[in-house]
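One structure is given here, and the rest of the page talks about it.
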Amino acid sequence: AQTIEDAKERGVMVLGCGAYCIGSSVEFDWCAVSAARQLRRDGFKSIIVNYNPETVSTDYDESDRLYFEELTLERVLDIYEREGASGVVVSVGGQIPNNLAGPLDDFGANILGTAARDIERAEDRRQFSDMLDGMGLNQPAWSVLKTKDEAVEFANKVGFPVLVRPSFVLSGAAMRVATDENQLRNFLGLAADVAADKPVVVTKFILGAKEIEFDAVANKGTILNYAIGEHLENAGVHSGDATVILPAQKLMTNTIRQVKRYASMIASALEITGPFNIQFMAKDNDVQVIECNLRASRTFPFVSKTLNHNFISLATQAMCGLKVQPYRISLLDIDYVCVKAPMFSFTRLRGADPNLGVEMASTGEVACFGDTEHEAFMQAMISAKFKLPSKDKYTLLSIASDTFRDQFWRSAKVFQDLGYKLLGTPGTAAFFKTKGIEIGVVKKPVDEDDEADCAETGAPSALKEIRQGNVTMVINISEDTTRKDEITAGYIMRRAAVDFDISLVTNIKCAVEIAEALERGYDKFNAKHIGEFYKLPMIGWRK
């Protein structure tokens with residue numbers, strides 16, 4: 001066995017993230033750079049392999065050796081042999097390096113951190129679900145299916161909607177929620193194309209559940225440090241598109257306890273060393289496991305900056321076999337909140353539907369600190385170029401189902417009390433009028449040229465109001481509906497909002513949060529230095 005001194009001299013290879021695309025971007029480059037810098041601090045020769053000139057990791061002064069080469073098995077093995085490296089770090093560059101762990105291990109490369117066989121056990125949906133069943137950990141009903149007919153039979157048994165999940169993919173590629181048999185058959189074909197020879201799993205999709213992010217660093221199966229963040233949106237929005245709140249503000253103590261217990265058991269079973277991320281969902285205090293990634297997730301920079309401790313530095317030391325000391329962090333003692341909000345490029349994608357789902361669509365993100373959740377949320381939204389509605393123009397509401405209308409009517413009352421003028425599509429307006437809310441009626445568009453007033457009632461066209469600049473915010477909630485007219489009209493209004501640079505909200509939880517933040521007076525951007533939050537007096541651990 002090689003000594004630490006030998007390893008330092010021979011060097012450690014860090015595989016970067018490759019080309020930027022939706023799902024794999026600067027968050028992973030931050031992780032690769034953090035790993036390389038920690039290696040140098042600890043006296044290791046650092047060797048970076050990456051081929052993206054946009055990255056910081058390909059700056060010549062970030063490593064001792066830089067190979068501007070493609071991240072393929074052949075090229076990585078060539079560099080590994082040429083350098084005589086002591087090991088390879090595959091867990092800080094996203095999915096491309098992670099998928100190379102097995103093949104590199106087969107050819108004798110030393111994978112630092114979690115073993116390649118354990119990475120496969122987490123990435124392979126069937127193996128991972130089998131492991132959870134064996135450990136008695138809750139997860140949504142699932143099945144690996146050979147044929148489309150078997151999948152339909154399973155979906156009918158557990159009840160629609162169901163989630164189609166390929167293995168070994170990043171950013172939810174080809175992941176879809178199917179609400180009926182036709183959708184399921186179509187989505188299975190797409191998932192099979194993306195997953196190639198890897199298993200495609202179909203799971204029961206749970207409506208109205210809260211999604212929880214668990215980011216952590218472990219050493220030999222024992223968790224050193226962790227962070228628990230919550231998604232503002234309910235489960236069903238990809239974690240890269242979700243608004244993430246850290247530390248979690250609305251999780252019950254029992255839910256947090258279950259999350260920590262499950263995470264500890266999974267870390268131990270997979271003998272994790274290094275960074276990892278587990279996604280959970282909780283409904284009525286019942287926690288279920290969604291998936292586990294044995295690599296740094298895109299929330300690692302967010303977590304590290306929020307807690308003022310670099311999780312990747314700690315993970316790098318653990319993977320290199322150095323003696324590691326956990327950071328002294330107590331999530332309950334942090335006296336501020338940080339919220340991560342996504343940014344999108346729908347304006348540049350002609351015809352794309354600006355609605356969020358289980359496959360990632362965001363092309364950037366902004367994180368902001370605040371003394372409260374609502375302050376941090378509004379700072380993040382404004383920083384992500386969200387324009388607040390104007391009181392001298394209209395806010396347009398189009399909410400497809402009574403369930404969501406019932407969740408939002410108090411927020412609509414808040415908008416009215418604050419002096420905002422409201423318009424609604426017929427069903428939405430009728431519902432809110434029964435709650436005593438003043439709201440004008442507009443006609444839903446039938447197609448993209450439908451600017452005519454309603455022949456029966458004389459109500460103006462929603463599309464015309466948007467295009468003429470009479471509307472400054474559109475709240476369009478189409479989820480939970482299968483009615484074709486709702487889907488079509490919703491798309492036309494959403495697309496018009498994006499094309500005419502009008503603020504668009506497509507998630508009920510975000511819409512409610514905006515109303516609550518405005519009610520509390522958080523309608524101005526209030527910049528503070530990050531150091532002001534780090535200096536806040538804190539009971540408990542100090543750095």
Side-chain angles (χ1 to χ4, degrees), residues 31 34-35 38 89-92 98 101 111-119 121-123 128 131-132 134-139 211-230 239 244 246-248 251-282 287-334 540-543:
C31 294
S34 293
Q38 188 60 44
V89 173
V90 297
S91 55
V92 293
N98 214 41
I111 304 298
L112 295 179
T114 310
R117 70 176 183 280
D118 291 315
I119 293 174
R121 285 170 65 205
E123 288 286 339
F128 184 64
M131 182 189 86
L132 293 180
M135 294 164 66
L137 301 187
N138 292 343
Q139 62 180 320
E211 194 159 329
I212 300 161
E213 294 274 343
F214 185 92
D215 289 296
V217 177
N219 187 25
K220 297 172 186 163
T222 301
I223 293 174
L224 299 172
N225 282 116
Y226 68 89
I228 298 175
E230 63 179 326
S239 58
V244 181
L246 183 73
L251 295 185
M252 292 182 166
T253 309
N254 191 40
T255 299
I256 293 172
R257 198 159 46 233
Q258 282 186 68
V259 164
K260 286 158 69 174
R261 187 164 64 243
Y262 281 18
S264 296
M265 291 170 72
I266 290 169
S268 177
L270 293 170
E271 296 179 51
I272 302 174
T273 295
F276 71 101
N277 161 271
I278 306 176
Q279 283 159 24
F280 297 94
M281 64 177 155
V287 173
Q288 301 191 54
V289 181
I290 302 176
E291 66 177 6
C292 174
N293 297 301
L294 298 194
R295 55 168 172 77
S297 71
R298 65 180 60 76
T299 44
F300 261 69
F302 169 61
V303 164
S304 298
K305 290 176 181 180
T306 300
L307 303 179
N308 199 20
H309 290 288
N310 192 319
F311 275 36
I312 294 296
S313 295
L314 185 70
T316 303
Q317 291 179 314
M319 290 187 284
C320 291
L322 300 175
K323 193 174 177 186
V324 283
Q325 197 66 37
Y327 298 130
R328 291 162 51 142
I329 302 169
S330 173
L331 293 173
L332 290 173
D333 291 326
I334 291 167
W541 302 120
R542 294 299 295 174
K543 191 171 178 182

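The salt bridge (Lys or Arg N to Asp or Glu O under 4.0 Å) test applied to E213 returns no partner, not counting sequence neighbours. Listed by chain and residue number, nothing satisfies the salt bridge (Lys or Arg N to Asp or Glu O under 4.0 Å) test with E211 (two or more places apart in sequence, or in another chain).
Here the shortest heavy-atom pairing between I119 and A101 reads CD1-CB, 3.8 Å. Here the closest heavy-atom approach between residue I312 and residue P275 is recorded as CD1-CB, 4.4 Å. The two atoms that bring A318 and T273 nearest to each other are O-CG2, 3.6 Å, heavy atoms only. Taking all atoms of both residues into account, the shortest heavy-atom contact from S239 to Q279 is OG-NE2, 3.5 Å. Of all the heavy atoms in A282 and V287, the pair that sits closest is CB-CG2, 4.2 Å. Here the shortest heavy-atom pairing between C292 and I266 reads SG-CG2, 4.2 Å.
For the pair T255/I212, a side-chain contact is recorded, criterion being any heavy-atom separation below 4.5 Å from C-beta on. In this structure the side chain of N219 never reaches within 4.5 angstrom of the side chain of M319, judged on heavy atoms. Residues E271 and K220 form no side-chain contact, since every pair of their non-hydrogen atoms from C-beta on lies 4.5 Å or further apart.
A distance of 13.5 Å separates CZ of R295 from CZ of F276, quoted to the nearest 0.5 Å. Rounded to the nearest 0.5 angstrom, M265 CE and K260 NZ are separated by 15.5 Å. Rounding to the nearest 0.5 Å gives a distance of 7.0 Å between CG of L246 and CD1 of I334. In this structure, the separation between OG on S297 and CZ on F302 is 10.5 Å, given to the nearest 0.5 Å. Within the model, atoms CD1 of I278 and OH of Y226 stand 13.0 Å from one another, a figure rounded to the nearest 0.5 Å. Atom CG of L132 and atom CD of E291 lie 11.5 Å apart (nearest 0.5 Å).
In this structure, a donor-acceptor pair under 3.5 Å is absent between the side chains of T316 and Q38.
Using the six-membered ring where Trp is involved, F311 and F300 have ring planes that are perpendicular, over 60° apart on the 30 and 60° scheme. Between F214 and F280, the ring planes lie perpendicular to each other; the angle is over 60°, past the 30° to 60° tilted range.
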### Task
Mind running side-chain contact (heavy atoms from CB on, under 4.5 Å) on I329 and H309 for me, showing each step along the way?
CA-CA 9 Å; I329 302 169; H309 290 288; 3.5 Å; yes

### Task
Test side-chain contact (heavy atoms from CB on, under 4.5 Å) on I272 and D118 and set out the steps.
CA-CA 8 Å; I272 302 174; D118 291 315; over 6 Å; no

### Task
Check step by step if side-chain contact (heavy atoms from CB on, under 4.5 Å) holds for V244 and E230.
CA-CA 6 Å; V244 181; E230 63 179 326; over 6 Å; no

### Message
Applying side-chain contact (heavy atoms from CB on, under 4.5 Å) to L251 and I228, what does each step give before you reach the verdict?
### Response
CA-CA 10 Å; L251 295 185; I228 298 175; 3.9 Å; yes

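Side chain of Y327 to main chain of N310: a donor-acceptor pair is present (N/O by atom type, distance under 3.5 Å, no hydrogens or angles).
Environment of CE in M135: crowded, with over 12 heavy atoms of neighbouring residues, nucleotides or ligands closer than 6.0 Å.
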